[in-house]
Amino acid sequence: MGVMTIFSLPKSVRRLVDKSFEYWLSRRIPNRKEHQLNSRNIMIYPTRFGLSYLGFVVLVFLLGTNYQNNIILLFSYLLASLFISVMLHSFYNFSQLRFYSMAKQQGYAGDELYFPIQITAVKMHYDINVHFTDRTLNSQIERIVQCPRGSQEIKLSYKSSKRGKHYLGRVTLFSEYSLGIFKSKSILDFGHCAIIYPKPTNLIVGQYQLSPQSDEQSIESYQTSNLVGTDDFSELKSFVRGESRARTAWKQLAKGQGHYSKHYQANQGQLKWLKLDDMPSNDVETKLSYLCFLINELTATNQHFGLALSTDTNNRSMNIPPNTGINHQQACLTALALY
Amino acid sequence: MNFFKRKTTQPSSGCLGKGDNSNKINFSLSIKNTWLLWLCQCLNIAVIALELSTWMLAIISLSLVWQALLLHQNRDRVKAKKPIKTGIQLNHRQNTHLNKQRVTNVAPILLGIFALLGCLAIAITAKEVGILTSMLHLLCFSYVLKAFELKARSDFYQLFLLGLFVLASSLIFRQDLAFTLITFTLLVINLAVLLQLFSLEKAFATNIKVVVILLGQSILLAIVLFLVFPRLSPFWQVPLAKSAETGLPDTVKPGDIANLTRSTKLAFRADFGQQKAPAYSQLYWRAMVLEDYDGRQWSKQKAARTTPSNTVAGADKSSNDKSLTFDASTTDVLPLNYQVIVEPSFQKYLFALAPAVVAGDKSGIKAQTGYTFSSTSVISQAKSYQLASYLTAPLALELSQKSKQVNLRFPEGSNPRLEQFALQLQHNYADVQARAQAVLTFINKEKYAYTLQPQLLDNNSLDQFFFDTQSGFCVHYASAFTFLMRASGVPARMVTGYLGGEYNGDDAQQFNSKGHLSIYQYDAHAWSEIWVAGKGWLRIDPTSAVDPQRVNSGWSSELLQQQSALNNDLISLYQLKNSALLNALRLQFDALDYQWTRWVIGFTTKQQYNLFKNLFGKMASWKLALVIGVSLIISMATFMLFLHLLNRAKHTQQVLSKWQVVYQKALAQLAKQGMGKPAGMTVNDFAKQVREQYPELAIAFTRLSASYNSLCYQTLSINEQDKLALTMQHHYRQFLHILKKQS
């Protein structure tokens with residue numbers, strides 16, 4: 001950053017440089033879930049200290065030359081060649097590490113999100129630091145002082161108060177091991193993105209009544225609402241491997257009639273639609289927060305509901321047909337996040 | 001355990017700037033590290049301590065003690081705070097709070113005042129101690145003070161570089177092998193302290209090992225650089241070391257050289273190459289000729305005193321000069337060629353076996369009157385020169401009138417009893433040589449003692465020595481003898497230098513022997529010369545009359561014992577020479593040190609040029625430059641390749657054993673079927689997965705996996721291993737069979 005301010009290129013040129021660098025980077029280190037560090041994706045350059053170290057070596061060389069002192073010269077040559085061997089050591093300390101990370105994480109606004117990165121090493125590595133390349137994300141640098149053979153997990157945290165889908169960009173990994181003279185660095189792209197749901201806001205249940213969809217479609221859906229549930233017994237089916245034994249019809253099994261399992265039906269007295277427009281607020285964000293809360297509540301009580309974010313009922317992408325379960329909840333929350 | 005905390009707002013001083021603003025790792029040093037750093041500082045200072053003034057040393061040790069106290073206090077505080085702190089490594093915020101308390105240990109104002117006072121003191125004493133020493137003072141002072149404000153990582157780096165600079169500048173003063181080894185050991189320790197920053201959890205010993213490996217790998221390139229990199233002439237004038245002069249003094253009074261003999265320091269070395277070294281009693285290394293006697297002490301004749309008075313005297317002197325330096329063409333004596341390597345003495349005189357001429361490179365060496373040589377500049381580093389000596393050739397067959405006058409002059413009435421004795425001798429012995437012999441016989445017959453601890457003389461009276469105390473060292477005898485000769489009308493003068501030397505090599509008596517003579521300060525000696533018409537200056541050593549052993553083979557054990565009693569070295573020379581093992585070790589180290597001095601310290605531009613000439617023949621300078629450049633690049637490339645291979649070797653070393661190959665093959669087969677094994681998955685888990693997806697393969701693959709597991713992780717004898725490997729191969733064949741059938 002300091003270098004940038006020194007040169008302070010015109011903005012357009014800088015953007016061009018940045019862009020071409022991005023392009024070069026994306027070709028050299030493409031988006032993948034798993035990366036292995038090698039000479040292709042490791043960048044190595046002297047740190048500030050490394051440069052001052054070089055300056056120091058020149059100083060010692062001058063001292064040796066001015067005093068015509070062979071031992072001081074030898075000292076400076078040794079320090080100079082140490083510079084090169086440290087570079088190689090730095091590279092070997094960093095290479096051959098394997099990183100694996102899941103791309104997507106979800107969470108509520110204001111919550112800390114953790115992106116785990118699994119590090120697999122075949123030998124001992126030292127001083128591995130990981131952070132998001134984008135420093136505006138305000139994530140802390142995570143450091144592994146010693147990374148022994150085997151697998152380790154490092155968690156990058158990310159926090160945002162804004163709902164939506166955030167692309168977090170690349171992850172910078174660096175190490176200054178051996179002597180801090182060189183920095184081995186790699187900018188890996190795991191395609192990290194965070195889906196931030198709105199922060200749930202408490203809504204007194206009485207305040208809001210879930211309303212049935214009032215148009216014709218709803219009648220149709222009413223009829224098909226007898227869905228699998230836990231409330232009422234509906235039928236016996238022959239046992240399929242993998243089913244819970246709690247549902248085994250023991251009576252029938254004991255009578256020797258075969259292994260059956262009981263199936264239940266949820267009582268869907270009313271089809272519930274959560275509507276954005278029904279939320280008691282003028283602010284869209286607040287409405288979304290309420291919706292978020294309701295979705296969680298309904299899922300917790302295992303109720304059937306659908307989500308309607310647009311008034312146009314035919315808009316498939318904005319309206320999610322009624323369902324239950326975790327997956328449904330996630331789909332709804334994602335829809336809220338992306339609204 | 002974060003010890004110091006970096007403050008991003010803290011402006012860091014010095015050239016390094018804000019080293020790590022871009023990465024916000026907080027700077028931390030563990031307690032162990034801070035102590036190591038402290039220790040390292042102490043050692044670095046200790047290396048250069050001899051060159052610092054006493055008051056500076058006092059200030060520095062005060063600061064170090066102060067720092068140690070602070071460290072101690074901090075440790076107590078950390079102990080007290082420990083229960084609060086958990087999750088030390090990652091818990092940043094909590095530590096910030098604690099650290100802020102700790103950093104404020106030393107008030108910056110207090111430190112500033114201290115620094116200011118120190119700088120003032122350095123400035124005031126600058127004139128007195130010389131520029132170089134005051135610069136050293138400044139360096140060491142800042143080195144010690146810097147440790148008080150370790151707030152950021154860049155501060156630590158600065159401290160590290162300062163430490164290295166202290167080490168480098170200590171090499172200005174001494175370059176011998178032992179000292180260089182110490183310095184390089186300290187370099188290793190310094191680097192290990194730095195490395196400790198990046199591998200906190202490793203033991204310090206392991207870090208030292210890593211650093212030694214790193215330096216070991218670097219040394220190859222360093223040597224190439226040393227041999228190849230052009231040696232430049234100094235860019236600008238530098239203040240020279242104003243070290244204490246060692247060796248022979250300019251003026252000599254009785255008792256002077258006895259003090260010098262307490263030192264066991266090396267004075268110089270001589271290498272006769274393939275030739276046989278002369279006998280011990282011939283090794284009179286001439287350094288100075290002292291012709292002026294003022295009744296108390298002997299000093300060099302001052303040429304400057306006579307020259308300005310009249311031009312005639314000056315012309316006379318120049319002709320005098322000519323006759324007093326040796327001309328090799330006038331003699332048919334075979335020359336003895338040898339090389340002399342002088343240790344830094346911070347004086348100008350050089351050593352030669354008279355008469356001699358400079359054989360090799362004449363630059364920087366001046367032939368002086370009286371068959372001595374001197375360097376054109378003060379010898380502050382090991383210096384070597386080639387000489388050819390014509391040992392049996394006579395010295396100055398003609399003596400100028402002026403020279404004769406000088407060598408007969410003595411303050412009359414300064415030693416009346418000796419004068420009287422001289423007249424008596426003159427009367428009894430007409431022949432000059434017989435007269436000299438008579439004195440020697442007198443000394444031999446009477447109860448004279450040769451001792452390092454002669455009784456003190458009033459006003460350096462030679463009378464008192466010769467007739468009353470009768471005990472003295474070489475200067476006493478030489479002085480008295482020269483005085484007697486002058487008083488009896490024989491031109492005589494005092495010569496100082498060294499006698500003998502310790503032979504270090506295979507066997508001194510063999511031809512073709514390889515070895516060298518080491519001449520130490522305790523070999524310092526003084527003798528007389530008398531001028532005899534037709535024979536020139538004859539060397540007469542009165543010491544031979546009182547202690548023949550000294551002249552023929554060196555110090556007697558009695559003298560050695562005296563010497564041990566006088567100086568309080570840890571291991572005295574007497575003990576060294578008495579213990580065969582220690583002595584052998586000492587000689588071995590001396591031989592190493594000699595090679596070091598000769599090849600490393602004495603490696604000059606000329607030698608470098610010769611090396612190239614030997615390797616590539618004579619060539620134009622641009623070609624030479626090209627060769628240098630190319631060889632540098634090549635060596636750099638080979639060096640990197642070498643390191644690359646060294647690091648790669650670890651992986652190729654893991655040769656896959658038979659069963660591993662089999663298992664890998666099976667995995668490859670499965671991968672073809674679209675069933676790859678993720679790297680992180682265990683063998684058992686993968687077998688389970690295979691069972692689920694390909695029930696047909698389940699049995700064969702599970703067996704294969706089981707055998708593989710037991711081969712990998714069970715301790716089996718070689719027999720069992722072979723058996724199991726066979727069965728595993730069997731399983732593999734089955735597995736292949738089923739696979740084929742399926743497809």
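Chain letters run A, B, ... following the sequence lines, proteins first and then strands; every chain starts at 1. Computed from a predicted model, the values in this text were never measured in an experiment.
- Each of B:V600, B:D176, B:T183 was compared with A:I71 under the side chain to side chain contact (heavy atoms under 4.5 Å, CB included) criterion, and only B:V600 meets it.
- For A:T65, the parts lying under 4.5 angstrom from a heavy atom of chain B are both the backbone and the side chain.
- Of the inter-residue distances, the one linking A:N70 atom CG with B:Q175 atom CD reads 8.5 Å to the nearest 0.5 angstrom.
- Just one of A:V145, A:N93, A:D127 meets the side chain to side chain contact (heavy atoms under 4.5 Å, CB included) condition when paired with B:F198; it is A:D127.
- For the set B:T604, B:V210, B:L164, B:L221, the entry with the most heavy-atom pairs within less than 4.5 Å of chain A is B:L164.
- For the residue pair B:L215 and A:L82, the shortest heavy atom distance occurs at CD2-CD1, 3.7 Å.
- At a 4.5 Å heavy-atom cutoff, A:S151 makes no contact with chain B through either its backbone or its side chain.
- Looking at A:L51, neither its backbone nor its side chain comes within 4.5 Å of chain B, counting heavy atoms on both sides.
- For A:F61, the part sitting under 4.5 Å from any heavy atom of chain B is the side chain, from C-beta outward, and nothing else.
- Evaluation of the ring-ring contact (aromatic ring centres under 6.0 Å, His included) rule for B:F184 yields A:F75 as partners, not counting sequence neighbours.
- Note: A:L73 CG to B:F603 CZ = 11.0 Å, rounded to the nearest 0.5 Å.
- For the atom pair NE2 of A:H89 and OG of B:S218, the computed distance is 7.5 Å after rounding to the nearest 0.5 Å.
- We find the CZ-CD distance between B:R153 and A:E176 to be 5.5 Å, quoted to the nearest 0.5 Å.
- Considering every non-hydrogen atom in both A:N69 and B:I172, the closest pair reads ND2-CA, 3.6 Å.
- In B:F235, the CZ atom is crowded: over 12 heavy atoms of neighbouring residues, nucleotides or ligands sit closer than 6.0 Å.
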Can you list, pair by pair, the side-chain donor-acceptor contacts under 3.5 Å of residues 189-197 of chain B, counting residues two or more places apart and other chains?
unit_1	atom_1	unit_2	atom_2	d
B:N190	OD1	B:N44	ND2	3.2
B:N190	ND2	B:N44	OD1	3.1
B:N190	ND2	B:L186	O	2.9
B:Q196	OE1	B:N207	ND2	2.5
B:Q196	NE2	B:N33	OD1	3.4

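- In this structure, B:K32 places its NZ atom where more than 12 heavy-atom neighbours from other residues, nucleotides or ligands lie under 6.0 Å away.
- Under the 3.5 Å distance criterion, the side-chain polar atoms of B:Q381 are matched with a main-chain donor or acceptor of A:Y67.
- Heavy-atom proximity under 4.5 angstrom to chain A picks out B:F226, B:F229, B:R231, B:L232, B:S233, B:P234 from residues 226-234 of chain B.
- A pairwise comparison of heavy atoms in A:I72 and B:A168 identifies CD1-O, 3.5 Å as the closest pair.
- Only the side chain of A:L63 has a heavy atom closer than 4.5 Å to any heavy atom of chain B.
- Between the CG atom in A:L88 and the CG atom in B:L214 there is a gap of 10.0 Å [rounded to 0.5 Å].
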Stepwise, does the side-chain contact (heavy atoms from CB on, under 4.5 Å) test hold for A:L74 with B:L225?
-> CA-CA 8 Å; A:L74 190 64; B:L225 276 172; over 6 Å; no

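- The minimum heavy-atom distance linking B:W236 with A:N66 is given by the pair CE2-ND2, 3.1 Å.
- Applying the side-chain contact (heavy atoms from CB on, under 4.5 Å) test to A:I187 and every residue at least two apart in sequence or in another chain returns A:L25, A:M43, A:T133, A:R170, A:T172, A:K185.
- Relative orientation of the B:Y157 and A:F49 rings is parallel, given thresholds of 30° and 60° on the angle between their planes.
- The environment of A:R28 atom CZ is dense: over 12 non-hydrogen atoms of other residues, nucleotides or ligands sit within 6.0 angstrom.
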